[in-house]
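These notes are about the structure you will find just below.
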Amino acid sequence: MESGTALAPLQEFVYIARLEARSSQPSHQSYSLPEPSDLSISYCVESMEIVLVLCVAAIAVALALLPKLFKRSPFRHIRGPPSPSWLYGHMIMTSREKDVGDLHFQYMQEYGSAWRMKECFNKDTLWLVDPKAIQYVLQTSGYHYSRTVVGRHIARQITGDGILYVEGDDHARVRKIMNPAFSAAQLRSFLPLFRRSARRLTIKWKDSLRTASAPADHVLNVNSWFTRTTLDVIGEAAYDFRCGALEEEDNEVVDAYKNMFRDSVMYPSGATLVFRSLWPYIPERLIRLTGYLPTREARRFRRTLSVVNKISNRLIKEKTQTCLDRKDENLRDIMSILVKANHSENPKTRMKDKEMISQMATFFLAGHETTASMLTWMTWELAKDQDYQEKMRQEIAAVRAKVSERGDDDFTVADLDSMTFVIAGLKEALRLHPIVYMMVRSAERDDAIPLSRPIRDEKGNVISEIPVSKGTSINLSLCGYNRLPEVWGADAQVWNPYRWMDTNREKHINVGVYGNLLTFSGGVKACIGWRFTVIELQAIVVELLENFEVAIPDDKPDIQRVPGGLMIPMIRGKPELGSQMPLKVTAVVRPEKAEV
Ligand code: HEM
């Protein structure tokens, strides 16, 4: 389609709306992955009426906001890829990447550690992988770069007014109350719970192998098993609530989260992108109403939130009563600690019950699919690297021998931390597969973002800091930074866990909370659950490698990193199957346990 005439944006919009209408499905979708070049197979289930209403509203608001939308950005001379569309900018392209990160990696090579792209209505947006710039945005000036209006309101639809939604002083207040529940000592106390859940998973896999017709070729969708395991873990750790996800696949909570991202935010339609791009100009109270719209994402999120809120409501009441009765001394779950911390706060700064419920929904959201996906990508890497997998297994066996010699039944956190190969494998998986692969921040004031390495702009000028104006969207490419050759070496694009054993590694600018990776972000809003995740991953990986070998199945499925809010593993060309990671799983025969 031609662009460039005055009517081009309108033609483009109508063209894409038509294509999307053609691919809209009334109820249960038939899934097909849209190629950036072929929007006719776009994935979109909003009804055409909703799309049209939103379009008309969007165009009306857009006309009223023309002056703001056409403000020229102070970094317009930074280099970047040409925009394919005035209306959509690069938004369709980036939200429909074939494999998460491929565009980021390409632009890093072409333009360096900072580049310019376009949002809807031709608005400039800055992309960063530069460590100093990222440090500045997340840490040095963290509270001057807020989560975007769109990001916050989508989070609000999934979790309510939780920590992912609030900003500024409110964020600092909530974070302070939450911190005690995530102290290192508190999280270490969860190890037995993680190990119990991992053992339950082992039993389930062994049962599955026992009943398999050909155990040597037994293929499991490990992602589904990991999701159910981590759901059980977060239920028990956060609420002392038994989800029972490993026991029954069709459980209410499992069902509430199953493929939630695929069914909501994956491959947003053009109309959705345009509509969302207007939110920053709409009063907050009106944006809140978007959660009640019959759109694909709002409907899907409402379904999940109603299940989680029902449980949280009941539990908050119970735990508050237990706290008031002073019967909570032995309760170590996150919610009990939060209730206690909240009660010791000044009544003015306390979280209200509604806020507490939202934090609980946040833990469920933030705390299970992320960890499950991480386990999925890690086992996939290990399935491809049998040598390294075996090295990890030998290391685990050696530490196991020491534990038995001591007369202990199981590993302590110190034992897990002594496993150099396991930790290096874990860090490498976190580096290559950051589940939250990008974050967008909005500049709260005019500012200049410093760079660690100067770049050249379109005019050949050397720039060591980038001027940004209030309201600019700053895209932090977590997956890009995690593969930056300056930081990780010339082989940054490939799996090489040995890089973590190099004790001569150069010191780099501090950006992230774990291994200096950006996987858990950094600064004032870094992942509060990173330590929780690391211990959980260690506990589960060690259990699995003691009991099983994982390998790529004989038919070598083509695994795709699908951009859907999180980085979702799927079989290329089969999105209707949802998250998938088929791996061949065989039992390891241990000397003392030769059964299975
Ligand atoms: C592999 C696992 C995980 C990954 C990759 C991950 C990643 C992240 C990232 C990148 C952020 C920053 C998001 C942003 O600023 O927009 C974040 C925030 C957060 N995460 Fe995690 N996370 C993981 C597990 C967990 C777990 C297990 C919990 C809770 C038990 C958790 C709770 C949170 C919370 C509450 C926030 C918001 C923090 C704040 O705003 O101050 N996460 N996480």
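Every value quoted in this text rests on a predicted model; they were computed, and no experiment measured them. All ligand and atom numbering here is 1-based and tracks the order in the structure.
- Heavy atoms of Leu537 found under 4.0 angstrom from ligand 1: none, in either backbone or side chain.
- Closest protein heavy atom to atom 21 (Fe) of ligand 1: Cys527 SG, 2.3 Å.
- Heavy atoms of Met178 found under 4.0 angstrom from ligand 1: none, in either backbone or side chain.
- Looking at Ile234 against ligand 1, only its side chain comes within 4.0 Å, counting heavy atoms.
- Protein heavy atom closest to atom 33 (C) of ligand 1, with residue, atom name and distance, is Ala366 CB, 3.7 Å.
- In terms of polar-atom proximity, His171 is counted as a contact of ligand 1, with an N or O under 3.5 Å from an N or O of the ligand.
- One distance of note links CD of Gln389 with CE of Met392; it measures 8.0 Å at 0.5 Å rounding.
- Using a 4.0 Å cut-off between heavy atoms, Met378 makes no contact with ligand 1 at all.
- Remark: minimum distance from atom 13 (C) of ligand 1 to any protein heavy atom is reached at Met439 SD, 3.7 Å.
- Evaluated for a side-chain hydrogen bond (donor to acceptor under 3.5 Å, both in side chains) with Asn475, the options Thr125, Thr148, Thr94 yield exactly one hit, Thr125.
- Neither the backbone nor the side chain of Ala237 comes within 4.0 Å of ligand 1, counting heavy atoms alone.
- At a cut-off of 3.5 Å, with distance as the only test, no side-chain donor of Thr349 or Asn346 sits close to an acceptor on the other residue.
- Using a 4.0 Å cut-off to heavy atoms of Ala526, the atoms of ligand 1 that qualify are 38 (C).
- In Phe182, the part holding a heavy atom less than 4.0 Å from any atom of ligand 1 is the side chain.
- Donor-acceptor pairing under 3.5 Å is recorded for the side chains of Asp415 and Thr412.
- Not a single N or O atom of Thr533, backbone or side chain, sits closer than 3.5 Å to an N or O atom of ligand 1.
- For the pairing with Arg196, the salt bridge (Lys or Arg N to Asp or Glu O under 4.0 Å) check across Glu536, Glu543, Glu236 returns one residue only, Glu236.
- Neither side chain, Asp161 nor Ser358, offers a donor N or O lying under 3.5 Å from an acceptor on the other.
- Within ligand 1, counting atoms from 1 as listed, the ones closer than 4.0 Å to a heavy atom of Gly367 are 26 (C), 27 (C), 28 (C).
- Contact annotation: for Val436 versus ligand 1, heavy atoms closer than 4.0 Å belong to the side chain alone.
- Ranking the protein heavy atoms by distance from atom 34 (C) of ligand 1 puts Ile528 CG2, 3.8 Å first.
- In terms of protein heavy-atom proximity, atom 37 (C) of ligand 1 is closest to Leu164 CD2, 3.7 Å.
- Annotation: Arg175 places an N or O atom under 3.5 Å from an N or O atom of ligand 1; distance criterion only.
- Annotation: Arg441 places an N or O atom under 3.5 Å from an N or O atom of ligand 1; distance criterion only.
- Between the side chains of Arg300 and Thr304, at least one donor N or O sits under 3.5 Å from an acceptor N or O.
- Atom 28 (C) of ligand 1 has Gly529 CA, 3.7 Å as its closest protein atom, hydrogens excluded (heavy atom only).
- With salt bridges taken as basic N to acidic carboxylate O contacts below 4.0 Å, none links Arg228 and Glu247.
- No heavy atom of Pro434 sits closer than 4.0 Å to any atom of ligand 1.
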**Asked** Given the rule in the ring-ring contact (aromatic ring centres under 6.0 Å, His included) test, do Phe363 and Phe182 qualify, once you have shown the distances and angles that lead to the verdict?
**Response** CA-CA 12 Å; Phe363 296 147; Phe182 290 90; 5.4 Å; yes

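- At the top of the distance list for atom 10 (C) of ligand 1, counting protein heavy atoms only, stands Thr519 O, 3.5 Å.
- Contacts between Arg147 and ligand 1, counted as non-hydrogen atom pairs separated by less than 4.0 Å, involve the side chain only.
- Atom CD of Glu297 and atom CG of Asp263 lie 12.0 Å apart (nearest 0.5 Å).
- A distance below 6.0 Å separates the ring centres of Trp205 and Phe548.
- Under 4.0 Å is where a charged nitrogen must lie from a carboxylate oxygen, and between Asp124 and Lys118 at least one such pair does.
- A salt bridge links Lys525 with Glu167: at least one charged nitrogen is closer than 4.0 Å to a carboxylate oxygen.
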